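Comments concern the structure below.
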Amino acid sequence: MVEPWMMNISWDGNLMSNENVDVKVRTTDVVNLNVTSAVLDMMQQMNQIWSSLPGSSDGSSPTSPITSNRESFVPYSLNNQTGRTLLFAIVTKTDGTVSLPTSWCEVLHGQTKPFSCISSQNKQRHQETHESTDHRLVVMVEGWQKTSAISIDKVGLFFRTIFTDEHSKSVPKIVASRIVFDIKCMENASKCITVKSPITLRNYTSQDIEMRMESILDSGAAYTTVLPANTSQPLPLAFLFSCLWFRPAGNEMLTYTNSPISCQSMKLEKGGVKSTSLVSDSLLDSAQSFRLSAVVKKEPYPEEAVMETLGPNTLYQPGHTVTLLPPLTIVNLLPVDLGYLVNHSTHSGKLRPGKEVVLHQVNVSNSLKLDLAADGYHKGGALNINSSASDHVLNVRVYDASDRLLLLEARITRQAVGSVKVVISVKYWMINHTGLPLVFKQVGAKSTSSGQFEENEIARSMAPLMFSFSENEQPDLCSMRLGTVVHPTSKPSWCHRFSLDNGNHVRRLRVARSDGRPEWVYNIGIEVNKAVRKYEDTTMVTLVPYNKVINKSSHRIAFTQKVFTQSDNNSTFHASLPGASHAYHWPRHDLDQLLCIKILDVPSTLWSGGFRIDQLNSIVINIRNSENSDCILMKIETVLQGSTFTTVIADASDIPPPLKIENYTDLSLKFWQTNITDEAFRTTVKPKSCVAYAWDEPTMASTITSSIHCDMGSSENVYDMNVIGQAENLEYENCFYIALTHSPDSLVLDVTGGTGILFARREPGRRSQLWSHNVEGRLVHEGNRASKQLYKEKEAKYCLDIAELAVIAQGYSCLSLRKVDSRRQTTQLWKFLETGQLTCGIKGQCVQSVPAFGGMVAGARVALGPYSINQVAGVETNMSMSKMLPGSGVLSVGVYTDGPTRVLRVVDILDIEKIKYMRLNSGSQYEVSEREERVSSRQMSLQVALPALGLSLVNQVREELLYLSLVKPLFDYIRSENIENIHLSIRHVQLDNQLVDTTFPITIYSQTNKQRAQSSKARAAAVDVDCQHVLGSNSSMHVFKLLTVQMAPFSLDIDEILLMKVIEMFTANRNKEEESELSVIQPSKDKDFDITVRKYYFALLSVVCGQMTLSVHTAKLPQHLKDVKKAMAMSSMITFENAVIDFEPFLQLHPFESLNFMLTAIGTHFKQELQGQAAKIFGAVDVLGNPLGLVNDVTTGISGLVTDGNVGMLLKNVTHGASNSLAKVAGTLSQGLGRISMDANHEEHRDQIRRQYAGSNVLLGFKSLAHGIIGGITSLAQQTLEGASQDGLEGMFTGFGKGVVGTVTKPVVGVLDFASGAATAIRDTSGGGGGIHTIQRKRKPRCCYSRYGLLSVYSSRSATGQQVLLFLNGDSKTQERYIDHIRLTNQPEPHHMLVSDQAVYLLNMNRPQEEPSLLVSLSDLLSCIYVRKERADGSIQHYIEVKWKRLSESGGSHYKTSTSTVRCETSEVAEQVVILIDHARGLYNEKLHTVLAT
């Protein structure tokens, strides 16, 4: 998968220490990766094995350890199905030398024996041993001679010719046969070799068949075995030449068939088929005879290698498949039971849906009448089956109880002589998953469609409704309405008509109310899909609700439209159990379509806020508890599934909350979503705690109102959670008491009855005792301020002062309130000293209790008096400030991000520095814990710089499809303790179309640096990715600070053939499990939504796609690619070129979704961007001549003329635009007329000319013109002769008509091709032309074949050799495969020996257009040997001598031998050529013994 490459790794630092580590990876080699079909198949097998492990049902890692012991890997196993014991031995071929078998292993019939070719002693690691050693198998079956060696390193169906043992007495003469080796790769990557005979028996009947084998060569030798139903097994080798008799197993009353299948009846041409009808007569009743049809098909085994080895008297048995078929098979592909009656006889019965019945007593050699009756249709239809008719489809007319017609389809297939299969189906199934009764009819029909009765008006039908367009005069369109019983007093209306072709639709079903109120409206999704496999004749029309709700939570919930949450109308409520799914229709379509949910098994829960369910969405909603306002968070995810918006409700306990309120203060906070007035939706956050939160109303503004409540009032602010960073502070009144610290009665300063200050006992909340300190230092009395208002300086009217005008020296002054006065600052500015005194601006004075004023008792006056400075306050002078609330009164509020969670953090301004070392524990409401932050400076970095990175895509037929080249990719990875940074840049991106016959070699091409330099906004790299990933311990989520992807402008050129081949590669051999009969009948199960999967959070997610230049090229597809396109339900493509598409960037801030949801959103965005610019694509289509491109060219030319006066630019652009339009219109017309000519050979030769001269438009035009003229001249005679030779007289007249048409159309097509080529040449030479088509591939198409059959490392030398071989053949579709070429000599002209799997060429590789000097087919090659010749001067010359046979000139079948001697430069070169040619002969012979896949 990865080709070898040399790299240089350097590092700086010690991995074992705490140092920084810097690792750099450099290389000068291109790193090439190869993805093949075998790799994709192995990945699928490993994924299936991984998914089957315990705990991995969803494909994730196993949850429980695997306790089984590891078994040794055995690369091979041999399964013996020959009917005899066999011996096998392993030989190896190394550099042309084959070893002899050393030991033989015995394998009994039916036994499987594992084995290995390489012992542990000689295992060579890290070496390409497969290119030097070929493992081969030799087999010897009992009674037969041993086989020649066969390689077991390849996968496929191979064979060898074996002869009976000369000493065998049971066979009187020499018998030859094939022995088949079926080599397959198993799930564990080992190879299983099944050895069997060339005759395979298949029992496709419903009963076990007893088979008796009677040998023709050994009279009396017979063997009886049972062939189980619907199985196959090979015929034993001992009975290859025998007569085969059949009868049902276990029924002795039936004889063996009237005639056997013998080896004489197997003489057919390759691929030929012969069938016969067999009858096993009943000994009791002739009418109960058992009938079979035996089909003998000769498999496409090559005959050339076998016939040359057989003697004249040798009996030889080629390879065949004998298939036993029932005479009549009836298959019911209807959704209802099907009754049948054959020829008015006892052969009747009833078939369940999806089942089939096999009738062995019916003789289909005569005409049959088959009566059919579908369940629910009283009048059945009759089907007449003609014994000589070929495969065809008939309509069967059945009628229901109301005589309404339904057309069934009967597909009659004549499988063989005496075997007919009848498949009964209907054109459409109407599958109703809406939960509503629906009634259907054909548009324009007078009545509803058949099969619908009164019960269909009441409730929906669980079984699909069979539907057909039975009225031919009406359009094939459908309409539907709601059942009348849903709203009995109202009248439902038919919806707008819709088509039953593939696609999705949405229709509204309206029901008008009789009382004039707004009508009921139901949105119904319509999904129309063509069924696959055996139901391919039926179109499944699935009616789904526009909205569906799935309860994946652990609760029993209810949901309804928001408008009904305030009412008691329980009829609109839907109750849902865990795991339940509900189709949902809005009760009131005219009101807000918002859904609300409520938890039923949690008491006192309220309805959630309303959220939308008609768009892709992923949110977390909040459900409140009315008793305590607790928050219960629920995860809501809405995805688009077909035509249905599916809303999944799940628990949100395992994901981070979308919002979080962190309270680092000592106060309780209250918060609520702004504009919600209901007190039940307000939450209190306790001090030093945190609350997880989600929006109560997801559709309202994302703002939170936070408040502090206290006795002095409340303060609140509004915070926008979408604005990250520091927000407005939250302030609150934190008043305090001025207390006499050591008073026994808790005395504080109080103002009573006036302005005087007294001591009073402390009373909580008494405003006359509360004070506040303003910024100037005044003590403001709260009792004289307006209640419940925040503090403002202009409101501070009264403050603490003394009653006297001035302080009494050495005396005491009573304290009182005075108005604020700047002149009295000495007695109005106060401060508390560390020694405990409350002082003013007068030195030596403090507040104290004075005995003369009453002392330390309540009611005493408070005075300002002298005290001793620098002494600790005494009991009388010790005053303190006692705060009413904790904190400073100013709270810092900010909005931050914690991964996917928005955090509203509230902290006191005095504690801002402290919270740096505080972290919150997990939980919905919890305490704050302190810890120090770990600091680590260690950093690891990795840088990988490559010159180029290549990716090659090789399909199952060994054809390279694409080669992706990433030029100068640079990968930087830096990891610290908690974050990792990733940067990826790619200088240039180019995706090459590697199909050898394509005319569009470049698929994707990013603009060059020179082109991007013209734009100031362009980046230096074609692709630039920046990512910052936050490391964490939560395995259920990944947090990214940044993920940006930027892509430069690029061109995309889509080749339809390449696109179909890529799709075929990725879909081949995948998901081929047979469809269950009931999977399309029963209602489809809901997709296993798991919204608890790993989530990804991005602070910034940006995907910027540069301008895209889009081109699409259609082509005539081969049949197998048409089947791929049909299976993918792809519509027809149109050809256009250089449509300029501008994409708006995909930008999301803070998404938190699953990876699948994110990728879907990105894909939907760019898909809508592409659909929104359909006009640009339509303006570039070839059939219109790319008018948009013409306008752009002319506009650019006029702009250059106006701005720069550049007349040349105007002429240049006008010429380019006009020639481009002419080339496209002419090319489109020539393609259309070419199809009208109805000459496939002429068109194929025309395509070959286009491929051969794709680079020279003028020469292509002349060649096409000549081809058209010559084709027109010869068309009449050529087409007439071809028609006569193929279909006789009728074909002659048909060919004459085609010739007349071709005589006119072919020259016209030639003229149009010439005009298109000339116009294209003018366009390319007029500047700006060519575009992506002038760019060369990064490398030539890969040669996917090597000497040893395996995909080897890419070789430019082999690619050149393959190109030369294709040139020599002149047809890219040739089956000849290049092997190798060797340079023989240098002088005078270099000569090369080119060897393919069919011929040997001697030529000059530098001049492939010259005729090869020697051309020998490997089928005629006799020998190639090395010859030395000594010259007269004693020098040695080296030659190779090639002998081959050719027909003699006298004619007939006589051959003569020719010899050619070719000189080589050295003996080593000569020996290499001999080994190469010998290896090619071996491959050629191996190919003759290989059954190629068809």
Side-chain angles (χ1 to χ4, degrees), residues 55-60 63 433-435 460 462 544-562 564-565 570-587 594-613 616-628 630-642 644-658 692 694-696 698 923-924 1036-1037 1082-1095 1152-1154 1156-1157:
S56 299
S57 58
D58 59 348
S60 59
T63 57
H433 290 166
T434 63
R460 80 176 182 95
M462 298 296 292
V544 296
Y546 190 67
N547 296 104
K548 184 164 62 175
V549 179
I550 302 176
N551 181 12
K552 289 284 185 178
S553 72
S554 59
H555 299 284
R556 189 166 61 93
I557 65 172
F559 57 90
T560 188
Q561 193 172 358
K562 183 177 181 179
F564 296 105
T565 58
N570 294 334
S571 62
T572 63
F573 298 171
H574 295 257
S576 175
L577 295 173
S581 174
H582 305 266
Y584 186 70
H585 306 276
W586 298 109
L594 299 175
L595 191 71
C596 298
I597 68 172
K598 179 181 181 180
I599 298 178
L600 299 178
D601 50 14
V602 177
S604 304
T605 55
L606 302 175
W607 286 100
S608 72
F611 54 90
R612 297 186 62 178
I613 59 173
L616 297 182
N617 198 7
S618 180
I619 60 173
V620 176
I621 64 170
N622 192 5
I623 299 178
R624 295 278 188 166
N625 190 316
S626 61
E627 294 181 352
N628 51 22
D630 285 348
C631 302
I632 302 176
L633 305 186
M634 302 291 286
K635 173 71 174 174
I636 308 294
E637 186 167 308
T638 301
V639 296
L640 182 61
Q641 186 185 12
T644 302
F645 281 101
T646 303
T647 300
V648 185
I649 304 171
D651 298 329
S653 57
D654 58 341
I655 62 173
W695 297 116
D696 291 296
S924 61
S1036 64
M1037 59 174 287
Q1082 296 175 342
S1084 60
K1085 295 182 179 180
D1086 294 319
K1087 184 180 177 181
D1088 189 16
F1089 290 99
D1090 184 10
I1091 61 176
T1092 62
V1093 296
R1094 183 175 299 172
K1095 297 291 194 298
F1152 181 53
E1153 310 295 347
S1154 65
N1156 184 55
F1157 189 93

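Along the sequence shown, the residues carry numbers beginning at 1. Note that the structure is predicted; figures quoted are calculated from it, not measured.
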#### Entry: Side-chain heavy atoms of Asn547 within contact of Thr644, under 4.5 Å
no
Rounded to the nearest 0.5 Å, the CG atom of Asn617 sits from the CG atom of Leu640 at a distance of 13.0 Å
- Item | Donor-acceptor under 3.5 Å (Thr572 side chain, Thr560 main chain) | no
Q.
Could you check, using the six-membered ring where one of them is a Trp, whether Phe573 and Trp607 have ring centers closer than 6.0 angstrom?
A. yes
Are Arg624 and Asp696 side-chain neighbours, meaning at least one heavy-atom pair lies under 4.5 Å? yes
What one should report as the nearest heavy-atom pair of Thr647 and Phe611 is CG2-CE1, 4.3 Å
Practice item. Decide yes or no for Leu594 and Arg612: does some side-chain heavy atom of the first lie under 4.5 Å from some side-chain heavy atom of the second? Key: yes
The reported gap from OG1 in Thr638 to CD1 in Ile619 (rounded to nearest 0.5 angstrom) is 7.5 Å
Please determine whether side-chain contact (heavy atoms from CB on, under 4.5 Å) holds for the pair Asn551 and Leu577, giving the CA-CA distance in whole Å, both sets of side-chain angles, and the decisive distance to 0.1 Å. CA-CA 7 Å; Asn551 181 12; Leu577 295 173; 5.6 Å; no
Margin query: Measuring only between side-chain heavy atoms, which start at C-beta, is Pro657 closer than 4.5 Å to Val620?
Written below: no
Exactly one candidate in Ile550, Val549, Thr646 meets side-chain contact (heavy atoms from CB on, under 4.5 Å) with Ser581; the answer is Ile550
- Query: Does the side chain of Ser554 reach to within under 4.5 Å of the side chain of Pro578, using non-hydrogen atoms?
  - Reply: no
query: Given the rule in the side-chain contact (heavy atoms from CB on, under 4.5 Å) test, do Val648 and Lys635 qualify, once you have shown the distances and angles that lead to the verdict?
result: CA-CA 8 Å; Val648 185; Lys635 173 71 174 174; over 6 Å; no
**Asked** Is there a donor-acceptor contact under 3.5 Å from the side chain of His585 to the main chain of Thr434?
**Response** yes
Between Ala583 and Pro545 the two heavy atoms that sit nearest each other are CB-CG, 3.5 Å
Distance col, row Ile623:CD1 vs Ile599:CD1, nearest 0.5 angstrom, shows 4.0 Å
Taken to the nearest 0.5 Å, the spacing of Asp601 CG from Ser553 OG works out to 8.0 Å
Separation between CD1 (Ile649) and NZ (Lys552), nearest 0.5 Å, reads 12.0 Å
request  = Test side-chain contact (heavy atoms from CB on, under 4.5 Å) on Phe645 and Ile613 and set out the steps.
outcome  = CA-CA 7 Å; Phe645 281 101; Ile613 59 173; 5.8 Å; no
Are the side chains of Ser608 and Met634 in touch, meaning some heavy atoms are under 4.5 Å apart?
no
Could you tell me how the ring of His582 sits relative to the ring of Phe559: parallel (under 30°), tilted (30 to 60°) or perpendicular (over 60°)? perpendicular
> Just wondering, do Gln641 and Lys548 contact through their side chains at under 4.5 Å, heavy atoms?
Replying inline: yes
What one should report as the nearest heavy-atom pair of Ser618 and Glu637 is OG-OE1, 3.8 Å
Pro658 and Ala694 have their tightest heavy-atom pair at CG-CB, 3.7 Å
Open item on the list: The test is side-chain contact (heavy atoms from CB on, under 4.5 Å); show your working for Asn625 and Ile632 and say whether it passes.
Closed with: CA-CA 8 Å; Asn625 190 316; Ile632 302 176; 5.6 Å; no
